Number of protein chains: 2
Amino acid sequence: MAARVGLTVERLVRAGADLADEVGFDRVTVALLARHFGVRSASLYAHVKGSDDLRTRIALLSLEEMADLGAAALAGRAGKDALAAFAEVYRGYAERHPGRYAAAQLPLSPEDAAASAGPRHAAMTRAILRGYDLPEPDRTHAVRLLGSVFHGYADLELKGAFRHSAPDSRESWARIVDALDVLLRAWPASPAPTPAPITREPS
Amino acid sequence: MAARVGLTVERLVRAGADLADEVGFDRVTVALLARHFGVRSASLYAHVKGSDDLRTRIALLSLEEMADLGAAALAGRAGKDALAAFAEVYRGYAERHPGRYAAAQLPLSPEDAAASAGPRHAAMTRAILRGYDLPEPDRTHAVRLLGSVFHGYADLELKGAFRHSAPDSRESWARIVDALDVLLRAWPASPAPTPAPITREPS
DNA sequence: ACTTTTGCCTACACCTATTAGGCGCAGAAG
DNA sequence: CTTCTGCGCCTAATAGGTGTAGGCAAAAGT
């Protein structure tokens, strides 16, 4: 029939990412993607090693896209402005591309992780903190906090955690960014003088 | 052969949760669970509606367990003490029970969500905030922030995001809890009653 | 002891993943 | 313009997971 559809890794990964946004990342399947191209499943194995490889490539693509958006958002901004813009990239990306965002959460092998845009994300978060005045161990703690908030909020929102309760999610997000800005200015100096004994370890 | 193994929903769900902790939540399968009991897959369908039902029940169990631990941790504590204890429940649970923690992230149907321990989690987070002095819309924003940080941090740590970099994750976690305490005390007042025009809407 | 329940089994139909090997169209070589 | 060659997509086939229908025998109720 339609001989030579013209499959390439790039086309497959792109289509796979789109598919993820439509039906959910965990429902992206070699068979489904093959059907989308009007081709048999086996044909994809010439371009992609298999299901895992496909998913990994979609994850890497998503990380790159998000990093590019982040870089664009940070260009020419600093301080709270940069913080808000970067935060909006996360939220916006997760909203517009739920499947890609889910893909970006896929645990990667150390090699893939190192080759991914992950380090760029970390570097950008660090760059945002240049606008605040944090000495070194704290800067890393702050990077981790920001990463947690951005990811945690986007993830919870995606799962609908805020969908059916009172204040609109966008409003909370704006207020949270405000709060983070305040926090980064008032970041508590290194170890508090209270070495309080941790009391319990349940279960 | 071994007639009547004595399957029940509870035993299946419990074993499924343990299995999730061993092999990962997404690798929990009806077939695997059946093998674990030395039984054919079809036999499980008398107790559980299917794969989705099984997963959902594991998710609900995990949410309950976490809520119980949270309640125990909060008993008799207030303020920063309560905050730190609750935070530790999240981190500790995710660390000891990665599969269950992943299960707890499963998106639930509205009915299941309402019947789950999810609302208890929200109520406990709200209770923590009683130790701080936040007026009402802000309290909800703060609940969402805390939820995001707790979940985001646990999730990232589980995926190994902090595993191969400088300061130990536990240290960051302690410092982040400190920072959240500071933030909740210095929470920025709501924006002026003047509905300031939103400046820009990118994209 | 009998009947009823019901727990687990066999058999099947259908889906996805993945491998092995075949055939033909596209572009290069003559 | 023909012929050759390769690679791009195919068919075939295996393995494992989900889920349904119906059977048989052990447990439980009388």
Side-chain angles (χ1 to χ4, degrees), chain A residues 1-61 99-100 102-103 106-109 112, chain B residues 1-61 99-100 102-103 106-109 112:
Chain A
M1 300 302 161
R4 307 288 152 110
V5 184
L7 301 181
T8 65
V9 194
E10 289 73 24
R11 292 225 302 154
L12 285 176
V13 174
R14 225 162 245 292
D18 291 345
L19 205 53
D21 285 335
E22 283 168 38
V23 305
F25 182 58
D26 47 1
R27 280 193 171 76
V28 171
T29 189
V30 174
L32 188 58
L33 188 55
R35 261 188 307 254
H36 177 266
F37 279 98
V39 144
R40 298 314 184 102
S41 307
S43 306
L44 301 201
Y45 286 82
H47 306 277
V48 159
K49 287 206 194 79
S51 203
D52 285 353
D53 186 38
L54 174 65
R55 281 173 216 280
T56 300
R57 285 172 192 273
I58 294 174
L60 293 175
L61 170 70
R100 281 168 155 92
L106 187 85
L108 297 174
S109 72
D112 285 343
Chain B
M1 293 300 158
R4 307 286 152 115
V5 185
L7 302 181
T8 65
V9 193
E10 289 73 25
R11 293 226 301 153
L12 286 176
V13 173
R14 227 161 244 295
D18 292 344
L19 204 55
D21 285 336
E22 284 168 36
V23 306
F25 182 59
D26 46 1
R27 281 193 172 76
V28 172
T29 189
V30 172
L32 187 58
L33 189 55
R35 263 188 307 254
H36 177 268
F37 279 98
V39 143
R40 298 314 184 101
S41 306
S43 307
L44 301 203
Y45 286 82
H47 306 278
V48 159
K49 285 206 196 77
S51 204
D52 284 353
D53 186 38
L54 175 64
R55 283 173 215 279
T56 300
R57 285 172 191 272
I58 294 174
L60 294 175
L61 170 70
R100 281 169 155 89
L106 188 85
L108 298 174
S109 70
D112 285 342

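From a predicted model like this one, the values you see are computed outputs, not experimental measurements. Labels below follow one simple rule: chain letters A, B, ... track the order of the sequence lines, proteins then strands, and each chain is numbered from 1.
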Colleague: Does C/dG7 have OP1 or OP2 sitting under 4.0 Å from an N or O in the side chain of B/Ser43?
Modeller: no

Colleague: Where along residues 31-39 of chain A does a heavy atom come under 4.0 Å from DNA chain C, residue by residue in number order?
Modeller: A/Ala31, A/Arg35

Colleague: Which donor-acceptor pairs under 3.5 Å do side chains of residues 5-28 of chain A form with protein atoms, sequence neighbours excluded?
Modeller:
residue, atom, partner, partner atom, Å
A/Thr8, OG1, A/Arg11, N, 3.0
A/Arg11, NE, A/Gly6, O, 3.1
A/Arg11, NH2, A/Val5, O, 3.2
A/Arg11, NH2, A/Gly6, O, 3.3
A/Asp18, OD1, A/Arg100, NH1, 3.0
A/Asp18, OD1, A/Arg100, NH2, 3.4
A/Asp21, OD1, A/Gly99, N, 2.9
A/Asp21, OD1, A/Arg100, N, 2.8
A/Asp21, OD2, A/His97, ND1, 2.9
A/Asp21, OD2, A/Arg100, NH1, 2.8

Colleague: Only counting residues at least two apart or in another chain, list the ones meeting side-chain hydrogen bond (donor to acceptor under 3.5 Å, both in side chains) with A/Ser109.
Modeller: A/Glu111, A/Asp112

Colleague: Starting at CZ of B/Arg40 and ending at P of D/dG16, how long is that distance when rounded to a whole Å?
Modeller: 13 Å

Colleague: Would you please confirm or rule out a distance under 4.0 Å between OP1 or OP2 of C/dC8 and any side-chain N or O of B/His47?
Modeller: yes

Colleague: Of all of residues 10-28 of chain B, which get a heavy atom below 4.0 angstrom from DNA chain D, listed by number?
Modeller: none

Colleague: Tabulate below the donor-acceptor pairs under 3.5 Å that side-chain atoms of residues 42-54 of chain A make, not counting sequence neighbours, or state none.
Modeller:
residue, atom, partner, partner atom, Å
A/Ser43, OG, A/Arg40, O, 3.2
A/Ser51, OG, A/Arg55, NH2, 3.4
A/Asp53, OD1, A/Arg57, NE, 3.3
A/Asp53, OD2, A/Lys49, N, 2.9
A/Asp53, OD2, A/Arg57, NE, 3.1

Colleague: Round to the nearest Å and state the distance from A/Leu7 atom CG to D/dC9 atom P.
Modeller: 4 Å

Colleague: Closest approach of B/Ala31 and B/Ser41, non-hydrogen atoms and distance?
Modeller: CA-OG, 3.5 Å

Colleague: Enumerate the protein-to-nucleotides 19-23 of chain D contacts in which both atoms are nitrogen or oxygen and the separation is below 3.5 Å.
Modeller:
residue, atom, partner, partner atom, Å
D/dG19, OP2, B/Tyr45, OH, 3.4
D/dG19, OP2, B/Ser51, N, 2.6

Colleague: What are the two closest non-hydrogen atoms of B/Ala103 and B/Ala59, and how far apart are they?
Modeller: O-CB, 3.2 Å

